[in-house]
Amino acid sequence: MSVSLKPSEKNKDFFLSVYEVVRLIPKGRVTSYGAIANYIGAKNGARMVGWAMNNSHSQEKYVPAHRVVNRIGMLSGKGHFQNPTAMQEALEEEGHFIKKDQIMNFEEVFWDPSKELEL
DNA sequence: CTTCTGACTGAAA
DNA sequence: GTTTCAGCCAGAA
């Protein structure tokens with residue numbers, strides 16, 4: 001295990017918030033790192049969301065990271081899954097159609113927590 | 001301490 | 001229209 005570092009206590013809340021929002025993503029919907037970051041308050045912390053996803057493996061509870069993609073709907077994080085195809089298969093199983101690591105009709109399935117999920 | 005990298009994004013060329 | 005650059009925060013070497 002190379003990456004065995006956990007988030008600092010200070011950022012722990014940020015990480016947990018990310019996981020919480022990700023779990024709230026309805027089935028058949030997806031969101032972007034920036035949308036989550038914006039909802040939490042770190043609108044410029046999209047990369048931190050990605051970092052949180054990397055730590056999601058350390059979480060006891062499962063985090064549907066496959067529902068989180070970049071702003072264009074590309075499976076940028078597929079390489080971090082158990083298998084490079086796990087993310088695509090998981091999405092297809094939820095009714096999505098992926099083409100070349102990119103979600104078709106992404107705008108239709110996009111789920112913005114700051115809009116769909118009220119404060 | 002300095003430097004680089006990254007599951008990103010927005011703007012500029 | 002595509003491609004490149006810079007900004008952003010946190011962690012690793």
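Here is how names work: the chains are called A, B, and so on, in the same order as the sequence lines, proteins then strands, and each is numbered from 1.
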Shared hydrophobic cluster for A:Ile36 and A:Val109 (ILVMFWY, side-chain gaps under 4.5 Å):
no
Looking across every strand, which nucleic acid part, if any, lies under 4.0 Å from A:Gly34 by heavy atom: base, sugar-phosphate, or nothing?
sugar-phosphate
Take the protein atom CZ of A:Phe106 and the nucleotide atom P of B:dC8, then report the distance between them rounded to whole Å.
13 Å
Measuring from the side chain of A:His57 (C-beta onward, heavy atoms only), which nucleotide among B:dA7, B:dG10, B:dC8 has the closest atom?
B:dA7
Roughly how many Å apart are B:dC4 and C:dA6, using the C1' atom of each and rounding to a whole number?
16 Å
Side-chain-base donor-acceptor pair under 3.5 Å for A:Arg47 and C:dC9
no
Distance from A:His80 atom NE2 to A:Lys78 atom NZ, nearest 0.5 Å?
11.0 Å
In whole angstrom, what separates A:Lys43's NZ from C:dC9's P?
11 Å
What is the distance, to the nearest angstrom, from the CE atom on A:Met74 to the C1' atom on B:dT9?
13 Å
For a quick check of understanding: with a heavy-atom distance under 4.0 Å over all strands, which category does A:Ala65 fall into, base, sugar-phosphate or nothing?
base
In whole Å, what is the span from the CD1 atom of A:Ile36 to the C1' atom of B:dC8?
12 Å
Would you say A:Asn44 reaches C:dC9's phosphate, i.e. side-chain N/O to OP1/OP2 under 4.0 Å?
yes
Set out, in order, the CA-CA distance, both residues' side-chain angles and the distance that settles side-chain contact (heavy atoms from CB on, under 4.5 Å) for A:Glu89 and A:His66, then state yes or no.
CA-CA 9 Å; A:Glu89 290 179 12; A:His66 61 271; over 6 Å; no
When rounded to whole Å, the CD1 to P distance for the pair A:Ile103 and B:dA7 reads 17 Å
Could you let me know what C:dG11 is paired to, Watson-Crick or G-U wobble, both distances under 3.5 Å, or none if it's on its own?
B:dC4
In this structure, how many angstroms lie between the P atom of B:dG10 and the CG atom of A:Asn70, rounded?
11 Å
Regarding the side chain of A:His80, the nearest nucleotide among B:dG6, B:dG10, B:dA7 is B:dA7
Roughly how far apart, to the nearest Å, are B:dT5 and C:dC5 at atom P?
15 Å
Between A:Glu116 and A:Arg29, does at least one N-O distance fall below 4.0 Å, as a salt bridge requires?
no
Minimum-distance nucleotide (side-chain atoms of A:Met48 versus B:dC8, B:dG6, B:dA7)
B:dG6
Looking only at side-chain atoms of A:Trp51, point me to the closest of B:dG6, C:dG11, B:dA7.
C:dG11
Are A:Val30 and A:Met53 grouped together when hydrophobic residues (ILVMFWY) are joined by side-chain heavy atoms under 4.5 angstrom apart?
no
Nearest whole Å is fine: how far is B:dA7 C1' from A:Arg67 CZ?
17 Å
Rounding to a whole Å, what distance do you find between A:Gln102:CD and B:dC8:C1'?
16 Å
For B:dA7 and A:Ser56 - does any side-chain N or O of the residue sit under 4.0 Å from the phosphate oxygens OP1/OP2?
no
